[in-house]
Number of protein chains: 2
Amino acid sequence: MDDIDRRIVGLLLDDADRTYAQLGREVALSPAAVHERVRRLRASGVVRRSTVEVDPDALGLDVLAFVLLDTEGWARDHVFAAAGADPRVEEAHSVAGNSNFLLKVRAAGPDGLEEVLRMLYQVPGVVRTRTIMVLRRGFERGVSLP
Amino acid sequence: MDDIDRRIVGLLLDDADRTYAQLGREVALSPAAVHERVRRLRASGVVRRSTVEVDPDALGLDVLAFVLLDTEGWARDHVFAAAGADPRVEEAHSVAGNSNFLLKVRAAGPDGLEEVLRMLYQVPGVVRTRTIMVLRRGFERGVSLP
DNA sequence: TGGGTCGGTGGACGACATCGACCGGAGAAT
DNA sequence: ATTCTCCGGTCGATGTCGTCCACCGACCCA
């Protein structure tokens, strides 16, 4: 994980369609050398997978909300399992503060969000939810390098 | 944007390295037909770009937090602009509830997070922040189709 | 000094993306 | 009802690119 690796990761984060020849030109290496570095970045788990960034609205996913979850007792494993099983929950974190968990939920309409909330109340230990509705998305980008 | 398009998007979300031949087999279409559909999905903005999912820890980004932002007056444009200029802010949303904005911040160590907070207080209108620190990431996946 | 290892180069090969020519079916207009 | 048109598909050709292999130089340590 040297500086060249970090530059390669940064370039791939920006656009994973770059060819090895292009990457090689940008980091002053042969295509084969870049190929080998990327292979190792993937093998070591630094690069997990390549995916595609989509417009949620185009898929009808027009509701975005963050849900704070309050629980009683140790509920982490149940919460993560239940949340992970619903594709509408994009993220789940255990957090510090007044609540125990924070989920990011994206759904097609308010009904979808409500279904997620109902599902969450089935989870043993969950006693309260507080939903922060997103009015307007400023931006959503993934990890990006400085 | 028919059902086949949705299936293609779902497959690309899962793994964008699939060849057109593979995609074609999965949706019962020729490689060329899939190629044309993907070209149009990109042109129409449904698919924005292809990127790579990385392990934040491998890049030293070990701090994740959500920051609730309280403002006075109309501060949206300033907030989004300032937040967008800092690569440590991965998301920024205008939200309903007790606070006006919700940011997702990922940094290398607590110092990076504090720098982001200091930067935010420079933004005209910002009067308070509340930071929700993530103790443990359950999962972070992007949009996924049911 | 000399062998071993690691990471790089260059070239060859086959797979794949990409394009063009052709084709068939659904609608619209006559 | 028939013909025209257009959209979206298949098929096949071509050039680029990913991928592998053999070789090489630098560096480390005995």
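Predicted model only: the values in this text are computed from it and were never measured. Throughout, a chain's letter reflects where its sequence line sits, starting with A, and its residues are numbered from 1.
The side-chain hydrogen bond (donor to acceptor under 3.5 Å, both in side chains) check on Arg48(A) picks up Asp55(B), with sequence neighbours excluded. With sequence neighbours excluded, no residue forms a salt bridge (charged side-chain N to carboxylate O under 4.0 Å, His left out) with Asp15(A). Here Arg130(A) pairs with Asp70(A) under the salt bridge (charged side-chain N to carboxylate O under 4.0 Å, His left out) rule; sequence neighbours left out. Shown here are the side-chain hydrogen bond (donor to acceptor under 3.5 Å, both in side chains) partners of Arg136(B), two or more places apart in sequence or in another chain: there are none.
If you measure from atom CD1 of Ile8(B) to atom P of dG8(D), you get 13 Å, rounded to the nearest angstrom.
Note on Val63(A) and Leu135(A): separate hydrophobic clusters, where clusters join Ile, Leu, Val, Met, Phe, Trp and Tyr whose side-chain heavy atoms are under 4.5 Å apart, directly or indirectly.
Side-chain contact between Leu64(B) and Val105(B) is absent, with no heavy-atom pair separated by less than 4.5 Å. At a threshold of 4.5 Å between non-hydrogen side-chain atoms, the residues Asp5(B) and Val46(B) do not count as touching. Between Arg7(B) and Leu23(B) there is no side-chain heavy-atom pair separated by less than 4.5 Å. Taking 4.5 Å as the limit, every side-chain heavy atom of Leu120(B) sits out of range of all side-chain heavy atoms of Val89(B).
Overall bending of the helix from dG4(C)-dC27(D) to dT30(C)-dA1(D), expressed as the angle between end axes built from five pairs apiece, is 30° (10° steps).
Ring centroid separation for the pair Phe139(A) and His93(B) does not come in under the 6.0 Å cut-off.
For residues 71-81 of chain A, the pairs satisfying side chain to side chain donor-acceptor pair (under 3.5 Å) are Thr71(A)-Asn100(A), with sequence neighbours left out. Within the structure, salt bridge (Lys or Arg N to Asp or Glu O under 4.0 Å) pairs that include any residue of residues 19-33 of chain A comprise Arg18(A)-Glu26(A) (at least two apart or interchain). Screening residues 114-123 of chain B for salt bridge (Lys or Arg N to Asp or Glu O under 4.0 Å) gives Arg88(B)-Glu115(B) as the qualifying pairs, with residues at least two apart or on separate chains.
Nearest heavy atoms, Gly109(A) versus Asp62(A): N-OD1, 3.0 Å.
With a heavy-atom cut-off of 4.0 Å to chain B, the contacted part of DNA chain C has its first and last nucleotide at dA17(C) to dC19(C).
Proximity of residues 39-49 of chain A to DNA chain D (heavy atom under 4.0 angstrom from any strand atom) is not detected for any residue. Applying a 4.0 Å cut-off to non-hydrogen atoms, the residues of residues 9-32 of chain B that approach DNA chain C are Thr19(B), Tyr20(B), Ala32(B), listed by residue number.
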Provide a list of protein-nucleic acid N or O atom pairs under 3.5 angstrom, restricted to nucleotides 25-28 of chain D.
none

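Asn98(A) CG: 12 or fewer foreign heavy atoms inside a 6.0 Å radius.
Contact check, His35(A) against dG18(D): no side-chain N or O comes under 4.0 Å of OP1 or OP2.
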